[in-house]
Amino acid sequence: MDVMSAVQNRRAAKSFDPQHQMSAETRRVLLENAALAPSAYNIQHWRVVDVQDIELRKSIREVAWGQAQVTDASLLLVLCADLEAWQERPQRYWATAPQPVQDFLLPKLDEYYRGKPEVARDEAMRSLGILGMTVMLLAQDLGYDSCPMDGFDYAAVARLIRLPAHYAIGYMVAIGKGQDNAWERNRLPLQD
């Protein structure tokens, strides 16, 4: 599928075939390619929690307004951001860049983020937005439907997945074989 078709065909699936199992190879291809998404300063802030344990999914569903996507989708990803990634061995982000670029960027990175937790969070969340859209378009290309999800108790999910204190959840993405998801698309006119 080309990118234009993936964008045009992607929809937020509200129900999934709970019997469908995604192959390990498809999961690997999806996640490896999603990791090619751009990120601020190439920090790759994202930390993806691939929730495979069915009991954990049931617990997450309880704090997600009972939404069936959590348990019925073939894949449930909790997209998290490491808010301190900018200071964790930052030279690795530009290891292949020319030395003058590294010499310029490393001090700028520190100057940009140090003492500015809101900047670190905002940049990480923007990167998560790009990652999530990349995941959903890749899923569409691989013949899957997806649903970005933010209707859940973030603190409760963080506890359930044992999220480190310096991480933040951006949102979840459910991926699987959609069922009965043919609502008519509604978009504002372009001039709006």
task: Find out whether Thr134 and Leu36 are in side-chain contact, i.e. whether some heavy atom of one side chain is under 4.5 Å from a heavy atom of the other.
output: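 They are not in contact (no side-chain heavy atoms under 4.5 Å apart), so the answer is no.
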message: With heavy-atom distances below 4.5 Å as the criterion, would you say the side chains of Gln87 and Asp110 are in contact?
response: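 Gln87 vs Asp110: side chains apart.
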Is [X] reaching over with its side chain to a backbone N or O of [Y], donor-acceptor style, under 3.5 angstrom?
| X | Y | result |
| --- | --- | --- |
| Asp141 | Leu137 | no |
| Asn9 | Ser5 | yes |
| Ser146 | Ala174 | no |
| Arg121 | Lys116 | no |
| Gln91 | Leu106 | no |
| Arg47 | Asp82 | no |

query: Any cation-pi pair here, Lys177 with Phe16, using under 6.0 Å and within 45°?
result: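 Relative to the ring axis of Phe16, which defines the angle, Lys177 lies outside at least one limit.
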message: Does Gln21 have more than 12 heavy atoms from other residues, nucleotides or ligands lying within 6.0 Å of its CD?
response: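 Result for CD/Gln21: open.
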task: For atom CG of Asp192, decide whether the heavy atoms of other residues, nucleotides or ligands shown that lie under 6.0 angstrom number more than 12.
output: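 Result for CG/Asp192: enclosed.
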Looking only at heavy atoms, which two atoms of [X] and [Y] are closest? And how far apart?
| X | Y | result |
| --- | --- | --- |
| Ala124 | Leu83 | CB-CD2, 4.0 Å |
| Ala139 | Leu30 | N-CD1, 3.6 Å |
| Ala35 | Leu131 | N-CD1, 4.5 Å |
| Gln67 | Gly151 | NE2-O, 2.8 Å |
| Asp145 | Gly178 | OD2-N, 2.8 Å |

- prompt: Between the side chains of His45 and Ser39, does any donor sit under 3.5 Å from an acceptor?
  reply: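 Not at all, the side chains of His45 and Ser39 share no donor-acceptor pair under 3.5 Å.
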Exercise: do Glu84 and Tyr167 side chains pair donor with acceptor under 3.5 Å: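 Glu84 vs Tyr167: no donor-acceptor pair found between side chains.
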Under 4.5 Å between side-chain heavy atoms, hopping through other hydrophobics if needed: is there a path connecting [X] to [Y]?
| X | Y | answer |
| --- | --- | --- |
| Val7 | Ile130 | no |
| Tyr171 | Ile175 | yes |
| Met133 | Ile43 | no |
| Val51 | Trp65 | no |
| Val3 | Met136 | yes |

- request: Sorted by first residue and then second, give each salt bridge (charged side-chain N to carboxylate O under 4.0 Å, His left out) pair with at least one member in residues 89-109; sequence neighbours left out.
  value: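 For residues 89-109: Lys108-Glu111.
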Of all pairs that satisfy salt bridge (charged side-chain N to carboxylate O under 4.0 Å, His left out), the ones with a partner from residues 16-28, not counting sequence neighbours: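 Qualifying pairs: Glu25-Arg28, Arg27-Asp50, Arg28-Glu32.
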field: side chain to side chain donor-acceptor pair (under 3.5 Å) contacts in which one or both residues fall within residues 69-78, not counting sequence neighbours
entry: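 Listed by first then second residue: Arg61-Thr71.
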What distance do [X] atom [atom1] and [Y] atom [atom2] have between them, rounded to the nearest 0.5 Å?
| X | Y | atom1 | atom2 | answer |
| --- | --- | --- | --- | --- |
| Leu142 | Ser23 | CG | OG | 9.0 Å |
| Leu128 | Ile169 | CG | CD1 | 10.5 Å |
| Leu79 | Asp150 | CG | CG | 11.5 Å |
| Tyr144 | Thr26 | OH | OG1 | 5.0 Å |
| Arg11 | Cys147 | CZ | SG | 11.5 Å |
| Leu77 | Met172 | CG | CE | 10.5 Å |

task: Take Asp53 and Arg57, measure what side chain to side chain contact (heavy atoms under 4.5 Å, CB included) needs, and give me the verdict at the end.
output: CA-CA 6 Å; Asp53 181 87; Arg57 281 208 200 187; over 6 Å; no
message: List the residues meeting ring pair (Phe, Tyr, Trp, His ring centres under 6.0 Å) with Tyr154, not counting sequence neighbours, and say none if there are none.
response: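 Only Phe152 meet the ring pair (Phe, Tyr, Trp, His ring centres under 6.0 Å) criterion with Tyr154.
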- request: Would you check, one step at a time, whether the test side chain to side chain contact (heavy atoms under 4.5 Å, CB included) holds for Val70 with Met149?
  value: CA-CA 9 Å; Val70 173; Met149 301 180 69; 3.8 Å; yes
Scan the side chains in residues 157-164 for donor-acceptor partners under 3.5 Å anywhere in the protein, sequence neighbours excluded, and list what turns up.
none

task: With sequence neighbours excluded, give me every ring pair (Phe, Tyr, Trp, His ring centres under 6.0 Å) pair touching residues 66-95.
output: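 Counting only pairs at least two positions apart or across chains, the ring pair (Phe, Tyr, Trp, His ring centres under 6.0 Å) contacts touching residues 66-95 are Trp86-Tyr113.
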task: In plain terms, say whether Arg126 and Glu123 are close enough for a salt bridge, that is, a side-chain N and a carboxylate O under 4.0 Å apart.
output: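 Yes.
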